[in-house]
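Okay, so here's the structure we're looking at.
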2 protein chains.
Amino acid sequence: MRSTASDVARLAGVSVSTVSRALTVPDKVSTLTRLRVQEVARGLGYHPNQAARGLATGRTGNLGLVIPDLENPYFSSITKAVQSRARSVGYAVFVADTDEDSQEEPEIIRNLAKQVDGVILCSSRASDAELVDRAKETRVILLNREAADLPSVTADNVDGMRQAVRHLWALGHRDIAYVGGPVRSWSDSQRRLGFERAGAELEGVRTQELGAFQPFFSGGVAAADIVLASGATAVVVYNDLMALGLLERVKERGIVVGRELSVVSFDDIMLSAAITPRLTTVAVPIPLLARTAIDLLLGLFEDGAGTPGVARTRVVSLQHTIPVDLMVRGSTGPVPKPHRSLAR
Amino acid sequence: MRSTASDVARLAGVSVSTVSRALTVPDKVSTLTRLRVQEVARGLGYHPNQAARGLATGRTGNLGLVIPDLENPYFSSITKAVQSRARSVGYAVFVADTDEDSQEEPEIIRNLAKQVDGVILCSSRASDAELVDRAKETRVILLNREAADLPSVTADNVDGMRQAVRHLWALGHRDIAYVGGPVRSWSDSQRRLGFERAGAELEGVRTQELGAFQPFFSGGVAAADIVLASGATAVVVYNDLMALGLLERVKERGIVVGRELSVVSFDDIMLSAAITPRLTTVAVPIPLLARTAIDLLLGLFEDGAGTPGVARTRVVSLQHTIPVDLMVRGSTGPVPKPHRSLAR
DNA sequence: GTGCACATTGCAAGCCTTTGCAGTCCGCAC
DNA sequence: GTGCGGACTGCAAAGGCTTGCAATGTGCAC
């Protein structure tokens with residue numbers, strides 16, 4: 001169906017080896033030959049067969065991305081960013097959605113292992129031991145998760161939570177709840193940790209942790225009434241999607257968010273700046289996250305050169321933490337009135 | 001790094017050929033040998049190298065999906081569905097996001113061509129001729145787009161629009177606007193067509209077409225004031241994401257959607273049933289869309305058998321149109337009062 | 001003029017499977 | 001007892017590319 005290197009070789013009157021070299025290591029071929037080969041190749045629309053090249057070199061030029069739920073805007077943004085960065089450095093990416101079910105992961109990784117140079121495993125809820133196991137099949141970078149000493153890229157959840165709670169504190173809130181995400185989620189455990197620490201650092205704050213809830217819109221809806229019953233004047237929600245759900249239900253109950261109840265969440269998905277009230281949220285810089293993950297992965301086996309013309313962050317450590325920023329918007333405001341919890 | 005067929009062969013005391021056969025065509029191997037080979041293979045965690053298999057058989061077990069914008073929930077749902085269906089029939093999928101820019105497509109397809117058995121090209125805005133060209137590189141299925149006689153799977157946009165307009169008509173609306181999506185979008189042109197036809201079929205309806213707008217939240221925001229200025233009592237919007245934007249701005253202007261202005265759109269993304277007011281929308285059955293596309297693609301080269309245990313729709317025609325359903329929800333309601341346009 | 005270094009290029013092996021063909025062995029029929 | 005078909009199995013080629021090594025040819029120094 002498509003032309004091969006030997007077609008090019010025949011037409012250019014050279015051997016296949018020369019064709020290969022002319023296209024991959026141009027300086028090992030005389031200028032004249034190189035030009036001729038390249039011209040014939042272009043004329044034929046020749047592109048080397050990646051699979052064959054992979055067989056020969058052991059490098060496939062492919063990456064895998066294992067993601068929990070493409071329908072969560074946060075993860076689809078990550079997918080978009082990873083895919084975009086990968087393409088800009090000459091890699092194609094396999095995407096596999098696990099439906100928030102880490103049981104599928106080993107099978108997926110095994111199937112991908114031979115045709116990728118590595119996989120980015122996003123927000124896996126598998127245990128440390130399981131993850132170490134998976135890393136045996138192929139190179140693995142953990143995204144939004146740390147485990148053992150596997151290479152990983154994570155957002156600074158603890159600091160993000162600190163920023164969120166301090167912001168609420170500065171607004172006068174003294175009774176703050178955390179609406180937690182799924183059990184076994186590493187991010188959730190980090191956010192809980194940050195929540196506890198931040199609460200302990202600040203004076204006169206009463207904190208309470210709710211959940212686990214599902215990390216979907218529906219999870220937020222489910223959490224809403226519990227939050228209202230808790231007496232908290234402000235709430236930090238595991239992620240934006242849940243916050244959206246919570247807002248919806250809270251508004252339905254006639255509460256004005258930003259005045260009667262302040263809401264902060266995590267991720268900064270596109271919609272969170274679009275809805276009313278605009279959502280105060282801890283923004284994870286997704287492009288940076290994706291870029292770091294890919295550079296880390298490539299750094300694991302590329303000798304340093306990389307794709308010419310594309311600057312790459314030099315990889316130093318194997319466990320990266322990306323700084324996060326609190327985006328203050330309309331969903332948070334001053335505590336409405338002296339609240340009974342202040343008296344305590 | 002990983003074991004190969006020859007490792008298995010050595011340990012099982014047979015030849016590589018036998019290993020291959022034991023694993024792919026078990027009935028050509030004696031029961032005893034087969035069992036031994038399978039056991040050794042399992043013990044070694046052996047999985048055939050897909051790339052090598054692809055070289056040998058010409059079939060890769062991979063699919064490509066080219067999608068305009070992963071951050072649009074409609075497309076991320078499609079990606080999820082395609083990926084899920086593909087996996088269930090034993091295929092892995094490459095995902096490439098073009099950022100709504102069809103210029104990238106040829107390059108992407110060319111790079112993927114040799115490592116996939118086919119490509120699903122979603123909502124491409126390329127011209128017919130360009131698409132025919134792309135189909136020369138590898139098998140191509142068009143999704144949300146028809147062109148020439150290329151195989152395609154599309155939603156029934158015209159009928160969807162008919163349903164939408166009739167619904168508005170039944171509610172008493174006689175002055176209806178269409179907020180259009182991007183120029184050169186095939187779906188948009190179909191929806192415009194349906195809009196014009198539906199308007200012509202119904203008595204006393206005044207229709208007007210606005211746009212083109214960008215198919216994002218921001219596009220809807222931009223359209224809002226124009227819609228309000230148009231005097232229309234009801235509006236059909238190109239897609240849900242835009243409708244969300246429009247709603248936001250319209251609400252900001254103090255208009256109550258569902259009472260003072262009725263809004264219908266297309267896609268039925270998850271959020272459209274979640275926000276207030278819930279969005280009346282033409283639902284595209286995405287799983288069916290994805291499933292049809294994949295089955296069509298596989299039907300193009302699999303001899304009929306397919307993966308055992310997984311039923312597949314028998315492919316008859318090459319251009320499929322998927323029926324759509326209007327989901328009536330809160331964003332549409334009876335026309336508020338006799339409107340001047342009624343008098344005309 | 002001779003020899004040598006070096007730049008080019010081709011040969012052939014190797015990467016891992018699959019698969020047509022051929023060989024071996026067995027059992028059975030005549 | 002001989003012959004034959006059939007069931008298994010191995011050999012080897014093929015698929016497209018990369019790359020170490022060898023071969024060729026050139027230019028230059030001495």
Side-chain angles (χ1 to χ4, degrees), chain A residues 1-38 40-41 44-62 90 110-117 138 303, chain B residues 1-38 40-41 44-62 110-117 137-138 303:
Chain A
M1 185 190 269
R2 282 261 310 285
S3 49
T4 74
S6 82
D7 295 335
V8 178
R10 198 171 341 105
L11 258 74
V14 297
S15 72
V16 227
S17 337
T18 304
V19 172
S20 169
R21 276 190 281 255
L23 267 26
T24 55
V25 276
D27 29 318
K28 303 211 84 179
V29 159
S30 76
T31 316
L32 203 69
T33 321
R34 172 170 11 117
L35 258 36
R36 184 151 31 95
V37 169
Q38 290 176 340
V40 173
L44 246 43
Y46 168 74
H47 275 247
N49 180 327
Q50 280 294 340
R53 171 178 287 184
L55 250 197
T57 61
R59 293 247 314 274
T60 64
N62 298 330
R110 217 173 300 124
N111 285 336
L112 247 38
K114 282 296 184 56
Q115 19 184 12
V116 299
D117 296 333
T138 179
D303 8 303
Chain B
M1 185 190 270
R2 282 262 309 287
S3 49
T4 75
S6 83
D7 295 335
V8 179
R10 197 168 344 103
L11 259 74
V14 297
S15 73
V16 229
S17 336
T18 303
V19 172
S20 170
R21 275 190 282 254
L23 267 27
T24 55
V25 276
D27 28 319
K28 303 211 84 180
V29 159
S30 77
T31 318
L32 202 69
T33 320
R34 176 178 359 126
L35 257 38
R36 185 149 32 94
V37 170
Q38 290 176 339
V40 173
L44 246 43
Y46 168 74
H47 275 248
N49 180 327
Q50 280 293 341
R53 170 179 289 184
L55 248 199
T57 61
R59 292 247 314 274
T60 64
N62 297 331
R110 215 172 302 124
N111 284 336
L112 246 39
K114 281 295 184 56
Q115 10 185 22
V116 299
D117 296 333
E137 302 276 347
T138 180
D303 8 303

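The analysis underlying the following values was restricted to heavy atoms, covering all of them including side chains, and did not include hydrogens, waters or symmetry mates. Small disclaimer: the values here were computed from a predicted structure and weren't measured. Just so we're on the same page: letters track the sequence lines, and every chain starts at 1.
Taking both residues in full, the closest heavy atoms of B:Val37 and B:Val19 are given as CG1-CA, 4.0 Å, listed atom of the first, atom of the second, then distance. The two atoms that bring A:Arg53 and A:Thr24 nearest to each other are NH2-CG2, 3.5 Å, heavy atoms only.
No hydrogens or angles considered: a donor-acceptor pair under 3.5 Å links the side chains of A:Ser15 and A:Thr18.
Not a single donor-acceptor pair under 3.5 Å links the side chain of B:Thr60 to the backbone N or O of B:Gly54.
Partners of B:Thr57 by side chain to side chain donor-acceptor pair (under 3.5 Å), not counting sequence neighbours: none found.
When the C1' atom of D:dA14 is taken as reference, atom CG of A:Asn49 falls 14 Å away, rounded to whole Å. If you measure from atom CZ of B:Arg10 to atom P of D:dG10, you get 15 Å, rounded to the nearest angstrom. Counting to the nearest Å, the P atom of D:dA7 and the CG atom of B:Asp27 are 11 Å from each other. If you measure from atom CG of A:Leu44 to atom C1' of D:dG16, you get 15 Å, rounded to the nearest angstrom. B:Leu35 has its CG atom 17 Å from the C1' atom of D:dT9, to the nearest Å. Straight-line distance from the CG atom of A:Leu32 to the C1' atom of D:dT26: 15 Å, rounded to whole Å. Between the OH atom of A:Tyr46 and the P atom of D:dT18 there is a distance of 6 Å, rounded to whole Å.
Within the 4.0 angstrom heavy-atom criterion, only backbone atoms of the sugar-phosphate kind lie near A:Thr4; the bases stay farther away. Note on B:Val19: nothing from the nucleic acid sits closer than 4.0 angstrom, heavy atoms only. Residue contacts for B:Val25: at a heavy-atom cut-off of 4.0 Å it reaches no nucleic acid atom on any strand shown. The residue A:Lys28 sits close to a base: some heavy atom pair falls under 4.0 Å.
With hydrogens and angles left out, the side chain of B:Arg21 and the base of D:dG10 share a donor-acceptor pair within 3.5 Å.
If B:Ser17 and B:Leu55 are placed on DNA chain C by their nearest nucleotide, the residue sitting closer to the 5' end is B:Leu55. Sequence order on DNA chain D of the closest nucleotides to B:Gly13 and B:Arg53 puts B:Gly13 first from the 5' end.
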Could you walk me through whether A:Gln50 and B:Lys114 satisfy the side-chain contact (heavy atoms from CB on, under 4.5 Å) test, starting with their C-alpha distance in whole Å, then the side-chain angles of each, then the deciding distance to 0.1 Å, before giving a yes or no?
CA-CA 7 Å; A:Gln50 280 294 340; B:Lys114 281 295 184 56; 5.6 Å; no
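To the nearest 0.5 Å, the span separating CZ on A:Arg34 from CG on A:Asp27 amounts to 7.5 Å.
The outermost nucleotides of DNA chain C lying under 4.0 Å from heavy atoms of chain B, listed 5' to 3', are C:dC16 to C:dG20.
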